[in-house]
Amino acid sequence: MISAHDLSPAQLAALLAFHADAGVEWLLEEEPVDRFAEFEAMKAARGNARAQTANNRAEAPASQAPARQAAATAPASAPSRATAPAASAPAVAIPDAQAIEEARFAAESARSLAELRVAMEGFAGCNLRNSARNLVFAEGDPASGIMIVGPMPYADDDRDGQPFAGRLGEMLTRMIAGIGLTRESVLLSNVVPWRPPGNRVPTAREADICRPFIERQIALAEPKHLLLLGNFTARFFFGGSDTIHQLRGEWRELAIGGITVPTLATLHPQDLVTAPVNKRFAWQDLLAFKARIQG
């Protein structure tokens, strides 16, 4: 295995671009996972289940023996009167097209961010809310004219119910502090408001279902400048399959909800934590963002 310390900055940047093209958003789990302990627990659970089944059979009342013998000797042509236990009905999933339409209706019906939050809390069309602890809604100052959007909540965000919490939130706080901004002086949000299991990247269907909500947040906040964080977020708004290294640092006009917002994409705090070499690219983008908002 080649150590990152043995690579030149150019080689490391090329390697990171390769991982981004392959869809890799992070390289390490947030918490260590003991796979050996998981395997032993699974084996123990199977053994307990088999032992319980054997005990149940051994403890069956002796009075059932004649009935079993009669059933065994009954003619094969005799119709069975036994009724099989009814299978539990599977949960009915809402078709994707219907879920998108319901999300659009709920989003467009909201006349304020507070109403939008209530609508999203009552929305059941996205499967991600079933595994997430909390809805992670926009937070900060909607009147600031500056909105920062990430891809999705991470574990700390999901636990605390706020965007950009924990270590990644601390990194973002340092990033924007360098250009004179604070968490309280901007509006923070995510494309997807519920954490996907295991911090995986949201699927295209999940993103489509959540699109009306983030677009409505932008339309209601009416930001004058928009900063997008990370590969998924940039592709979500700009389209295409380019990586964040190809999309970053270039101002674009984004039309959403009847407004047009000057938009800049840069690296996500996770990219900086995983590969500190990315900090210089993010700093270049942040300086460009500062120059634009102060111009």
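The basis for the numbers below is simple: all heavy atoms, side chains too, and nothing from hydrogens, waters or symmetry mates.
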Student: Would you say that Leu229 contacts Pro269 through its side chain, given a criterion of any heavy-atom pair below 4.5 Å between the two side chains?
Tutor: yes
Student: Provide the closest heavy-atom pair for Ser131 versus Pro197 in the form atom of the first, atom of the second, distance.
Tutor: OG-CG, 3.5 Å
Student: Thr243 versus Arg235: any side-chain heavy-atom pair under 4.5 Å?
Tutor: yes
Student: Looking at side-chain heavy atoms only, is the closest gap between Pro223 and Ile146 below 4.5 Å?
Tutor: no
Student: Contact between Phe281 and Asp271 at the side-chain level, heavy atoms closer than 4.5 Å - yes or no?
Tutor: no
Student: Taking C-beta and beyond as the side chain, do Val136 and Arg195 meet within less than 4.5 Å on heavy atoms?
Tutor: no
Student: Measure the spacing between NE2 of His225 and CD1 of Ile148 and express it to the nearest 0.5 Å.
Tutor: 12.5 Å
Student: Does a side-chain heavy-atom distance below 4.5 Å link Leu188 with Leu172?
Tutor: yes
Student: Rounded to the nearest 0.5 Å, what's the gap from CD on Glu215 to CZ on Arg104? Could you check?
Tutor: 9.0 Å
Student: Would you call Arg129 and Met120 a side-chain contact if the rule is heavy atoms closer than 4.5 Å?
Tutor: no
Student: Say whether, by atom type as modelled, one donor and one acceptor occur between the side chain of Asp157 and the main chain of Ala165 under 3.5 angstrom.
Tutor: yes
Student: Using the test ring pair (Phe, Tyr, Trp, His ring centres under 6.0 Å), find all partners of Trp251 that sit at least two apart in sequence or belong to another chain.
Tutor: Phe289
Student: First locate atom CD1 of Ile209, then atom CD of Glu102, and finally report the distance between them rounded to the nearest 0.5 Å.
Tutor: 10.0 Å
Student: Please list, chain by chain and in numerical order, all residues satisfying side chain to side chain donor-acceptor pair (under 3.5 Å) with Arg205, sequence neighbours excluded.
Tutor: Asp96
Student: Indicate the atoms forming the closest heavy-atom contact of Leu128 with Arg200, along with that distance.
Tutor: CD2-NH2, 3.6 Å
Student: Are Leu264 and Arg292 close enough, and set up right, to give a side chain to side chain contact (heavy atoms under 4.5 Å, CB included), and what steps lead you there?
Tutor: CA-CA 10 Å; Leu264 185 72; Arg292 185 67 175 261; over 6 Å; no
Student: Looking at OH of Tyr154 and CD of Gln270, how far apart are the two atoms once the value is rounded to the nearest 0.5 Å?
Tutor: 5.5 Å
Student: Can you hop from Phe105 to Ile256 via hydrophobic side chains spaced under 4.5 Å?
Tutor: no
Student: Write out all pairs satisfying side-chain hydrogen bond (donor to acceptor under 3.5 Å, both in side chains) with one or both partners inside residues 257-269, taking only residues at least two apart or from two chains.
Tutor: Thr266-Asp285
Student: Does anything in residues 186-212 form a ring pair (Phe, Tyr, Trp, His ring centres under 6.0 Å)? List the pairs, not counting sequence neighbours.
Tutor: none
Student: For Arg117, check side chain to side chain contact (heavy atoms under 4.5 Å, CB included) against everything at least two apart and list the hits.
Tutor: Glu121, Leu135, Phe137
Student: Side chains of Asp156 and Leu168, heavy atoms from C-beta outward: is any pair under 4.5 Å?
Tutor: no
Student: Once side-chain hydrogen bond (donor to acceptor under 3.5 Å, both in side chains) is applied, what residue pairs with a partner in residues 168-181 remain, sequence neighbours excluded?
Tutor: none
Student: Passes side chain to side chain contact (heavy atoms under 4.5 Å, CB included), Val149 versus Phe236? Steps please.
Tutor: CA-CA 11 Å; Val149 181; Phe236 178 86; over 6 Å; no
Student: Around atom CZ of Arg159, are there more than 12 heavy atoms from other residues, nucleotides or ligands closer than 6.0 Å?
Tutor: yes
Student: If you take all heavy atoms of Leu286 and Ile179, which pair is closest and at what distance?
Tutor: O-CG2, 3.5 Å
Student: Could you tell me the separation between the OG atom of Ser109 and the CD atom of Glu115, rounded to the nearest 0.5 Å?
Tutor: 9.0 Å
Student: Do the side chain of Glu206 and the main chain of Pro202 share a donor and acceptor less than 3.5 angstrom apart?
Tutor: no
Student: Just do the side chain to side chain contact (heavy atoms under 4.5 Å, CB included) check on Phe238 and Thr233 with the steps written out, would you?
Tutor: CA-CA 8 Å; Phe238 295 155; Thr233 313; over 6 Å; no
Student: Atom CD1 in Ile259, atom CG in Leu226: separation rounded to 0.5 Å?
Tutor: 9.0 Å
Student: Minimum heavy-atom separation for Phe232 to Ala207, with atom names?
Tutor: CZ-CB, 3.9 Å
Student: Arg183 and Pro163: which non-hydrogen atoms are nearest, and at how many Å?
Tutor: NH2-O, 2.8 Å
Student: Is a side-chain donor or acceptor of Asp158 paired with a backbone partner of Ala132 at a separation under 3.5 angstrom?
Tutor: no
Student: Any chance you could lay out the side chain to side chain contact (heavy atoms under 4.5 Å, CB included) test for Met171 and Lys279, step after step, and finish with the verdict?
Tutor: CA-CA 11 Å; Met171 175 62 75; Lys279 291 182 179 180; 4.1 Å; yes
Student: On a heavy-atom basis, which atom in Cys210 and which in Val191 lie closest, and how many Å separate them?
Tutor: CB-O, 3.9 Å
